[in-house]
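For reference, the structure is listed below as structure tokens.
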Amino acid sequence: MNSEPENVDQRWLPNAALFSKMKIVVIDDEPANVALLEAMLDEGGYTRVKTVTDSRLAMEICVDFEPDLVLLDLMMPHVDGFSILESLRAAAGESFLPVIVLTADANETTKLRALRAGATDFLLKPFDQLEVLLRMANLLETRRLHLQLDTQLAAYADAVRERTSELREAQVQLQKSEC
Amino acid sequence: MFEVAGLTGLPEAASERAEELFQQHRRQIFRQTDQLFAKLMLFQWVACIIIAILVSPRTWDGASSQIHIHVWSAIFIGGAISLFPVWMTRVWPGAVATRYVIAVAQMLMSALLIALTGGRIETHFHVFGSLVVLSFYRDWRVLVPATIVVALDHFLRGIYLPYSVYGVLSASPWRSVEHAGWVIFENIFLVISCFRSIHEMRFIANRTAALEASDQRSRQLFDDAPIGMAVVALGNEKFKQVNARFTEMVGYSDAELMTRTPFDITHPDDLAESQRLVKAMLRGTERCSVEKRYLRSDGGILWAARTACIIRDKDGKPRDFLIMVEDITERKHAEEALRGAKKEADRANQAKSEFLSRMSHELRTPLNAILGFGQLLERQNPTSQQRGRVEHIMSAGRHLLNLINEVLDLSRIEAGHLQLSVEPVAVAEVLNEALDLMRPLAAERSMDLTVTTEFTENLWILADRQRLKQVLLNLLTNAVKYAPVGGRVAVSVIQPEARKTQVVVSDSGAGIATEKLARLFTPFDRLDVEDSGVEGTGLGLALCQRLMHAMGGDIGVDSAVGKGSAFWIELPAADSPLAGLPKSRTVGAGDVSAATGGTILYIEDNLSNLTLVEQMLAEQSNIHLLTAMQGGLGLDLARQHLPDLILLDLHLPDIGGHEVLARLRSEKLTRDIPIVVISADATKGQIQRLMAAGVRAYLTKPLDIGEFFRVIDEAMGSRDRQLEKAVA
Amino acid sequence: MSTRKNILITALLGATWMVALAFGARVLFKYETTPGSVGPISAAWPSVSMIRRQTDKPTLLMLAHPRCPCTRASIGELAEIMAHSVGKVNAFVLFVKPPGADVTWDDTDLRRSAADIPGVTVLSDENGVEAARFGAETSGHTLVFDRNGTLVFSGGITASRGHAGPNAGENAILAAVKQEPIQYSRTPVFGCSLTKCKSATEGKLCSK
């Protein structure tokens with residue numbers, strides 16, 4: 001029933017080149033999982049990856065590192081994934097920061113709770129690596145578009161401001177000439 | 001001595017008791033009448049003396065006189081006549097002899113009176129009066145000696161005396177005969193009256209005996225009833241009468257209860273309710289039953305099923321309460337124990353679910369590493385030997401994952417947490433999807449996968465689409481897996497009854513022995529096929545069975561060793577939801593107004609629903625409809641096209657509707673798109689939760705077309721206004 | 001209670017009772033049925049009588065003791081007779097007054113009731129002179145003479161002593177008044193003795 005995609009290698013690493021510079025943070029208390037994700041991201045071509053196994057340090061690192069995407073486990077000692085999610089959302093503000101929750105908790109309610117708390121996507125462990133990478137690529141693409149939009153908006157705003165001041169100046173000139 | 005013989009013509013005594021009562025009554029009357037006569041005799045004696053003194057005090061002899069013989073007669077003869085009967089009434093009250101003596105004496109008294117008054121005709125009234133008083137005995141026989149005495153008296157005076165003087169009968173004897181005639185005339189009526197009285201007495205005796213018997217029966221019923229019974233007076237509300245069982249139940253004695261009211265022995269917690277019920281009964285409730293507690297005299301608690309009713313007097317006025325009490329203490333204890341056991345079982349069940357949930361989590365975490373590193377290894381150009389080993393790891397890992405998923409599913413169903421959306425589903429659609437998924441595996445095993453019955457597109461059943469597909473896939477997978485390579489799997493759809501549809505999956509496998517069939521749906525029982533090398537959790541069929549039952553259907557198998565197996569599922573038939581859709585709609589109130597046009601995204605896995613909405617919007621040229629049959633696809637389409645409205649079904653194959661909703665609301669791009677949920681689940685709680693989660697509107701299946709257009713129009717209109725505002 | 005002894009006592013008492021009653025009855029009966037004495041009766045109206053006999057009708061004469069209770073019945077019967085023969089007979093009741101008796105001696109209830117009978121003349125017979133003339137010695141003795149003064153009836157008009165009711169004497173008088181044949185012209189007289197003479201009861205002559 002779980003139809004496993006054949007010939008994975010052919011379609012492996014879809015946009016590796018495009019997102020290789022994107023910064024990824026992995027937050028998981030299980031070292032084996034962290035190691036697995038590191039290996040997977042490495043294979044996926046991501047070069048700027050930071051991992052955290054102590055959830056208490058997670059926010060600090062995120063603030064410092066300014067990631068483009070976060071891979072987050074939910075069930076962790078000390079600080080759980082839900083509070084980190086909320087903190088991330090609060091810190092990110094208006095900007096689009098994709099957070100993929102990876103958890104072994106198969107409860108439907110957990111999933112909804114995570115999404116409600118601001119998770120962009122939700123994947124159940126054990127996960128399919130290709131799926132994770134594909135979803136990451138999609139979200140990073142969205143992130144890229146967002147950033148582009150923000151930049152353009154900023155540029156437009158500058159242009160408008162410039163134009164406004166020009167207009168105001170012209171108006172002043174006009175008033176002066178009228179007098 | 002007292003027997004009453006010769007009462008022929010009277011009704012037979014109803015019973016010995018009736019006879020006894022009758023005789024008792026007679027004796028009583030005899031005695032009473034005896035007493036009456038005793039007094040009458042003495043009175044008459046005195047009266048005689050007074051009359052004698054008044055009428056003829058002295059007898060004269062010229063100028064000299066002496067006391068008249070009448071006075072002496074009155075004193076001595078009168079005394080003689082009356083004293084003996086009076087003595088008889090003292091010594092033999094009620095005896096036959098007594099009343100005969102009285103009868104004779106009374107008539108002699110008449111004779112004496114007549115003599116004393118000089119034969120005054122008026123004195124003859126005494127004779128008639130005496131006969132009447134004698135008939136008070138209600139014994140006609142006492143009239144006989146009385147009559148004889150009268151007759152003799154008259155004979156002596158009227159016939160014998162003249163004859164003795166004159167030697168022949170004078171003309172007057174006929175007057176004596178006439179007198180006797182009148183006496184007999186009176187006697188006839190007195191005898192009739194006696195017989196009537198006796199008849200009435202018999203009747204009363206029979207009635208009394210019957211009443212006594214009935215009363216006795218009632219009393220016995222009351223006394224010997226196996227339930228506690230008590231009569232409570234309405235006035236002071238104290239016990240009036242209780243039976244043995246009641247005293248035994250409450251532990252108080254009869255006497256102790258008589259000074260108490262039922263409230264005194266009611267458990268304080270039940271007191272208010274009891275008082276309320278009593279008031280209700282006084283207001284007109286004829287009967288009420290309640291389960292309440294009584295306090296026993298030893299301080300114990302008696303749980304009782306108590307029924308009370310009002311006893312009324314013959315005018316219909318409430319007089320007493322009748323209380324019937326049944327001891328249900330044991331039942332209550334059993335109930336409590338049962339409740340406790342159920343609570344315990346529920347708790348255990350809850351614990352089991354939690355345990356399974358946690359186990360699932362704990363198992364998934366290491367499994368993630370196993371499968372994850374396995375995948376990595378697979379991609380690191382392993383040697384063929386290594387590749388084989390990694391495949392083993394991966395296969396075992398996936399099997400384990402399946403197992404975990406199925407166990408979790410099973411526990412969810414058993415805990416009742418499984419959410420189903422039962423709606424009309426086209427059999428052909430689901431079956432084709434399942435068959436398409438199975439074809440690669442069948443091809444791999446060179447098996448012939450055929451549909452033997454041509455089923456029509458219009459065959460609809462009531463089911464949860466996802467779960468039905470899951471069951472079908474399970475059955476098909478089993479058939480393909482367990483049948484030998486090159487075998488044959490056939491699927492057919494039949495309708496055994498008018499409103500039922502069956503899907504039968506038969507294979508050319510080894511078949512299952514009859515004795516094993518019963519174990520087929522038991523979790524983890526793989527019917528000893530562990531050695532066959534076929535992978536399986538042993539949970540599939542158990543899960544299928546529970547799913548089918550949850551959907552209101554059934555599952556079964558017909559099989560024989562060597563002849564293959566035929567698994568069937570059965571579900572109630574449904575009407576096509578497309579049937580009610582008009583072919584061509586006229587433009588009217590239901591239309592989306594011209595101003596509101598745009599893109600609508602409909603995320604729905606049920607093709608029939610999709611078709612329905614497609615047809616409904618087909619004539620709306622200004623509306624562009626996008627459809628997605630999976631949640632993931634729907635999300636992608638939403639992000640790409642940013643539609644003006646999203647119609648969302650809650651039951652989707654990959655990502656659930658709730659999740660899709662949550663994701664749409666969490667993303668900045670899609671956050672403001674109005675969402676209308678379309679679901680078969682119309683519970684109020686569900687609707688409220690969704691509205692709180694930001695859903696614009698909620699439509700229930702089957703869709704009401706007017707409502708559908710109204711909601712769409714409203715949702716899209718508000719979107720337009722919002723945009724206008726944003727632009728402004 | 002119903003012991004043998006009691007039954008015996010009752011039986012004995014009962015027997016005694018019956019005997020006593022029989023005896024009593026007999027005494028009473030005998031008293032009632034024993035007629036009084038009758039003196040020498042003249043067959044015609046005694047000329048020496050002070051009573052004026054009228055010849056247009058038969059004459060009835062009763063001699064009575066004013067205080068005899070038994071005579072009440074005789075007066076009652078007389079009233080009966082008079083009721084049947086008013087205007088057909090001249091009736092006299094003579095109340096005998098013994099010697100030495102005062103004026104009020106014979107003013108009795110009996111006398112008044114006799115006087116109340118229509119057609120009856122009540123007279124006092126001082127010292128029983130008239131009674132002796134007519135030969136009456138017992139109260140209630142009644143004599144009937146025809147228009148010619150011939151005695152047609154003599155005797156009592158009660159069946160027994162002091163006993164009201166139909167009797168032969170009454171029938172005889174009524175017949176005499178109607179001038180029909182008389183069945184019994186002599187009947188026994190029941191009543192008190194008019195004179196002190198004790199021998200009167202024995203039927204002997206009793207001289208003053």
Side-chain angles (χ1 to χ4, degrees), chain B residues 1 52 54-65 68-70 72-73 76-81 83-85 87-88 91-93 95 97-98 100-101 104-105 108 111-112 114-121 123 153 156-158 160-162 164-166 168 170-176, chain C residues 1-2 6-7 9-11 13-14 16-18 20-21 23-25 27-29 31-33 35 65-73 76 96-101 105 128 139 158-168 170-171 183-184 187-188 191-198 200-201:
Chain B
M1 189 126 193
L54 286 178
V55 173
S56 46
R58 304 186 74 78
T59 182
W60 292 82
D61 211 359
S64 66
S65 67
H68 198 285
I69 191 167
H70 278 179
W72 300 120
S73 299
F76 294 109
I77 301 180
I81 289 172
L83 286 179
F84 180 60
W87 179 83
M88 284 289 279
V91 183
W92 300 106
T98 306
Y100 281 8
V101 166
V104 169
L108 287 174
L112 180 64
I114 291 170
L116 295 183
T117 58
R120 277 167 59 89
I121 207 77
T123 317
D153 182 41
L156 277 175
R157 284 177 197 285
Y160 169 75
L161 184 59
S164 66
V165 176
Y166 306 109
V168 287
S170 71
S172 60
W174 296 111
R175 292 190 66 147
S176 296
Chain C
M1 200 64 186
S2 60
N6 265 322
I7 293 173
I9 291 172
T10 309
L13 272 174
T16 314
W17 182 60
M18 281 193 262
L21 287 183
F23 177 75
V27 167
L28 196 60
F29 196 69
Y31 166 77
E32 283 183 350
T33 56
H65 191 290
R67 296 196 170 186
C68 176
C70 318
T71 307
R72 198 181 302 276
V96 177
K97 207 170 172 185
W105 197 82
S139 175
T158 57
S160 60
R161 187 160 181 166
H163 200 91
N167 57 87
E170 188 183 339
N171 291 345
Q183 198 177 5
Y184 302 107
T187 57
C192 301
S193 185
L194 289 171
T195 59
K196 251 184 173 177
C197 181
K198 293 291 173 201
T201 48

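The sequence lines fix the lettering, A, B, ..., with proteins before strands; numbering per chain opens at 1. Atoms considered below: every heavy atom in the structure, side chains included; atoms not considered: hydrogens, waters and symmetry mates.
Contact count against chain B (heavy-atom pairs under 4.5 Å) is highest for C:T10 among C:T16, C:V27, C:T10. When B:V55, B:T117, B:I81 are compared by the number of non-hydrogen pairs under 4.5 Å with chain C, B:I81 comes out ahead.
The heavy-atom pair separating C:A25 from B:I77 by the smallest distance is N-CD1, 4.4 Å. C:C70 approaches C:Y31 most closely through the heavy-atom pair SG-OH, 3.8 Å. When every heavy atom of B:S73 is checked against every heavy atom of B:L116, the shortest pair comes out as CB-CD2, 4.5 Å.
Interface remark: B:L83 contributes no atoms to any contact with chain C (heavy atom separation under 4.5 Å). Contacts between B:A111 and chain C at a heavy-atom distance below 4.5 Å are absent for every atom of the residue. Heavy atoms closer than 4.5 Å to chain B are found in both the backbone and the side chain of C:L13. Only the side chain of B:W87 has a heavy atom closer than 4.5 Å to any heavy atom of chain C. Interface remark: C:F23 contributes no atoms to any contact with chain B (heavy atom separation under 4.5 Å).
The side chain to side chain contact (heavy atoms under 4.5 Å, CB included) with B:P85 is formed by just one residue from the set B:L108, B:V104, B:V101; it is B:V101.
For B:R58, the side-chain contact (heavy atoms from CB on, under 4.5 Å) partners at least two apart in sequence or on another chain are B:W60, B:S65, B:I67. Take B:S56 and apply the side-chain contact (heavy atoms from CB on, under 4.5 Å) test, not counting sequence neighbours, and it matches B:H68, B:H70, C:P69.
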